[in-house]
Amino acid sequence: MIQGLNNKQKEAVLNTEGPLLILAGAGSGKTRVITNRIAYLIQDKHVDPKHILAITFTNKAAEEMRERVQQQVGMDAGGAWISTFHSCCVRILRMYSHLIGYDNNFSIYDADDQKTVVKNICKKLEIDTKRFKEKWFIGQISSAKDELISPEQFEMNAGSDYYLKKVASVYTEYQKELKKNNAFDFDDLICKTIELFKVEPEILERFQDRFRYISVDEYQDTNTAQFKLVSMLAKKYQNICVVGDDDQSIYKFRGANIGNILNFEKVFPDAKVIRLEQNYRSTKTILDAANAVISNNTQRKEKILWTENEQGTKIRWVFADNAAMEAERVVSIIKDFLKDGYNLNDCACLYRTNSQSRALEEAFIRANMPYKVVGGVNFYQRKEIKDALAYLKTIDNGKDDVSVRRIINTPKRNIGAASVNAIQSFANDRQINFYSALDMGVDEGVFGKAGEKLRSFRNLIEDLKAEAEEVSLKELVDDVLLKSGYLADLQAENTVESQTRIENIEELINKVVLYEDTAAEPTLGGFLEEVSLVADIDSWDSADDYVSLITVHSAKGLEFPNVFLCGMEDGLFPMSAAINSEDPTDLEEERRLAYVAITRAKKNLIISGARWRMIQGETMTSIKSRFVKEIPPLLIEEDRNNTFVPKRNEFETTRPSAGKDFFSAKPYAASADKKQFEVKNGGALDYAVGDMVHHMKFGDGCVLSIDQGGRDYEVTVDFGGEYGVKKMFASFAKLKKL
DNA sequence: CTCCTTTGTCTTTTT
DNA sequence: GACAAAGGAG
């Protein structure tokens, strides 16, 4: 069990009794320690697997850990709970949520559902959603829940503050609404489990006795509520092991509380602390760079990560002219790696924001190189999938108003807002759920002309409900799509888009089949639950050969021989919001994110950026990220194939909001359109000094001068009036001669 | 009631 | 530029 572990790691594995805090630096083998620890408990200490609870950050990590434990122990560790906080809580709530006033077949609401609920509440409370965004309320409510603040407490804390009072009223309504719909949001899963434990101490004790050995991975990213939950569970036996690295805390925005690392020793006073500081993953160069960057943070536990690995190659810095060319360069470097014997899945492109994947994707498609975008628009967030799931949720949980309202007119049944409002007010009058109101109202004939349409919808749902008891899940889903007319509608549309939607639905059916084949006791509720808790990263599979395109957040916990860190420009990474924030810890969080990104690399790290980039439809110019500048120059070299156009930096001054519309034209695509680019710039412009020209934004103006600047022309135009004299690049301004 | 056009917002990051 | 939400015409 402890072979091949270093002394510190051994110590961490063998210390099974009592509270233990493991501070594990990046690449220090913490996953290995946790799995070995669990295996050691089962095999050497003869602990029954059912007494073990291991919390991981993603389902993927849980699955992997389960496999590795099984491999080591050579037996089924099935009795052990290895899961995420959320799945763990769902499991508990499915058994006992009736004790806190919910049905055990509750729905789980995602961000979209939350927004729908809040939107309705705002309408009811006459809150202007232009001034107060639904998202803002959801954020406030979520942070409150992360800190275990109830609506009542929130109201009290709000005092006479106008804004907080508004939030309090929405929060109160929101909780009422969710309860009425028999639904939990993600935060509720944690909070309501805690509530259950508080209300029913004997249930808590049952779980305390069950989970005598608890471990929590990625401890730095737990929030207050999650910490409270594990503390409660571990209170009786005190065998709790948490593993984390404060330098990799990147979820502050989600309520993660670094204080948990400090608090741990307060809540568990005899906690032992073990530091894992030897890195087995990266070359010296990469590790030195990571250490240099993170040392600029003031808010951290000082630690020294070291490695016995070789020095390795220098980090490469690529600064391309625009995002397309950056992507081209990434692709060509990957081709070089392939020549060196690497596979595609040895390579990953990491970026700060999901929107950056597009430029890379285009380059990969052009190069005919297999790639996979991890994350982006989650499969389960697609319209067609959400629609299908809303049908299933309606069948499973008739109280789920959000789902019923979603599908009542999808596909089109000529049931409009008027009918929906009529049902809602009927429901309000009788204090019943939306669907019950629909059901009763139809029978009592209170909906007038719309009655027949509503009746056939009601009959459809009742029909499917009855069927759900009889047939397999797959048959049920098939029939939902068939009898609702949803599939027929898509087929009739017959567009490329509707075709992809059908394919996605087929994919969903595959997942249903897979679930039915693998689950011990497949149920509709079980399927819906599995589906609502998937993370982006869960779909990632290291076995297939493709390049991974992934956000830095999602890449946490992964490692690749060759890492491309793309879009390293000031304003993008770190984001300008963090740069301009009054709170200096925002920038530190960005730096930790950069640290996470750098430490994903084992052998080669390529950092790239683009001088010009389209952001929200506007082209911006940027400079090298401050984080790249924090890497000692000795460790980094300029990419040889860099194209450098010095003149362009002059335009930085025109950048932020003042020069908003300055480069309002389409960026040219990279090599595919290169010819076009050269013609446009090498060839003569069709206007000259003194000509009148037209600009999309500024209107008509007179050309004052044309200068050769870098590889483009700089044109100065006097537009007169409010815009005055503007300087711009010919290829971007798209001026038309009048 | 639906469809089409226009307008506005958005990009941090996710269980 | 992309997408959702709101507004207006049929």
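Small disclaimer: the values here were computed from a predicted structure and weren't measured.
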> Using centres under 5.5 Å plus planes under 30 degrees as the test, is A:Phe253 stacked with B:dT13?
yes
> If I pick the P atom on B:dT13 and the same atom on C:dA4, what distance separates them, to the nearest angstrom?
16 Å
> For a quick check of understanding: with a heavy-atom distance under 4.0 Å over all strands, which category does A:Ser87 fall into, base, sugar-phosphate or nothing?
nothing
> Between B:dT13 and A:Asn354, is there an OP1 or OP2 to side-chain N/O distance shorter than 4.0 Å?
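Affirmative; the distance criterion is met.
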> Taking pairing as Watson-Crick or G-U wobble with both contacts under 3.5 Å, can you name the mate of B:dT7, or confirm there isn't one?
C:dA4
> Paired with B:dT12 by Watson-Crick or G-U wobble geometry, both distances under 3.5 Å: which nucleotide is it?
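With both distances under 3.5 Å required, B:dT12 matches none.
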> Whole angstroms only, please: what is the NZ-C1' distance between A:Lys135 and B:dT9?
9 Å
> Rounded to whole Å, please give me the gap between CZ in A:Phe57 and P in B:dT14.
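Atom CZ in A:Phe57 sits about 10 Å away from atom P in B:dT14.
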> Among B:dT13, C:dA4, B:dT9, which nucleotide has an atom closest to any side-chain atom of A:Thr551?
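The closest nucleotide is B:dT13.
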> By nearest atom, which of the nucleotides C:dA5, B:dT15, B:dC1 is closest to the A:Phe186 side chain?
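Output: B:dT15.
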> Before accepting this row, confirm whether a basic side-chain N of the pair A:Glu569/A:Lys624 lies closer than 4.0 Å to the acidic partner's carboxylate O.
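Result for this pair is no, no salt bridge flagged.
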> Is it true that atom OH of A:Tyr163 has more than 12 heavy atoms of other residues, nucleotides or ligands lying nearer than 6.0 Å?
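No, OH of A:Tyr163 has 12 or fewer neighbouring heavy atoms, counting only those of other groups under 6.0 Å.
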> A:Lys115 near the nucleic acid: base, sugar-phosphate alone, or nothing, with a heavy-atom cut-off under 4.0 Å?
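Touches sugar-phosphate only.
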> Rounded to the nearest angstrom, tell me the gap between atom CD in A:Gln356 and atom P in C:dG1.
19 Å
> For A:Phe106, does its backbone N or O pair with a side-chain atom of A:Arg94 as donor and acceptor, under 3.5 Å?
yes
> Within this structure, what is the CD-to-P distance between A:Glu589 and B:dT14, rounded to whole angstrom?
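After rounding, the gap between these two atoms is 13 Å.
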> Please check if the side chain of A:Asn409 supplies one atom and the backbone of A:Lys412 the other of a donor-acceptor pair under 3.5 Å.
no
> So, OP1 or OP2 of B:dT12: does either fall under 4.0 Å of a side-chain N or O from A:Ser355?
no
> Is any side-chain N or O of A:Asn409 closer than 4.0 Å to OP1 or OP2 of B:dT2?
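It does, given that an N or O in the side chain of A:Asn409 lies less than 4.0 Å from OP1 or OP2 of B:dT2.
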> For A:Asn414 and C:dG10, give me the distance from atom CG to atom C1', rounded to whole Å.
15 Å
> For A:Ala111, answer base if it contacts any base atom (sugar-phosphate contacts may also be present), sugar-phosphate if it contacts only those atoms, and nothing otherwise; contact means non-hydrogen atoms under 4.0 Å.
nothing
> What is the distance from CD1 of A:Ile415 to P of B:dC1, rounded to the nearest Å?
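For the pair A:Ile415 CD1 and B:dC1 P, the rounded distance is 9 Å.
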> Which nucleotide sits closest to the side chain of A:Arg254: B:dC3, B:dT14, B:dT12?
B:dT14
> Give A:Tyr251 one of three labels, base, sugar-phosphate or nothing, depending on what nucleic acid heavy atoms sit under 4.0 Å from its own.
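The residue A:Tyr251 makes sugar-phosphate contact but no base contact.
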> At 4.0 Å (heavy atoms only), tell me whether A:Lys453 reaches a base, stays on the sugar-phosphate, or touches nothing.
nothing
> Out of B:dT13, B:dC10, C:dA4, which nucleotide sits closest to the side chain of A:His553?
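Out of B:dT13, B:dC10, C:dA4, the nucleotide with an atom closest to A:His553's side chain is B:dT13.
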> OP1 or OP2 of B:dT12 sitting under 4.0 Å from any side-chain N/O of A:Lys252?
no
> B:dT13 C1' sits how many Å from A:Leu350 CG, rounded?
13 Å
> Do the side chain of A:Glu590 and the main chain of A:Met575 share a donor and acceptor less than 3.5 angstrom apart?
yes
> State whether A:Glu218 and A:Lys30 are salt-bridged, where the test is any N-O pair (Lys NZ or Arg NE/NH1/NH2 against Asp/Glu carboxylate O) under 4.0 Å.
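A:Lys30 and A:Glu218: salt-bridged.
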> How many whole angstroms separate atom CZ of A:Arg358 from atom P of C:dA2?
6 Å
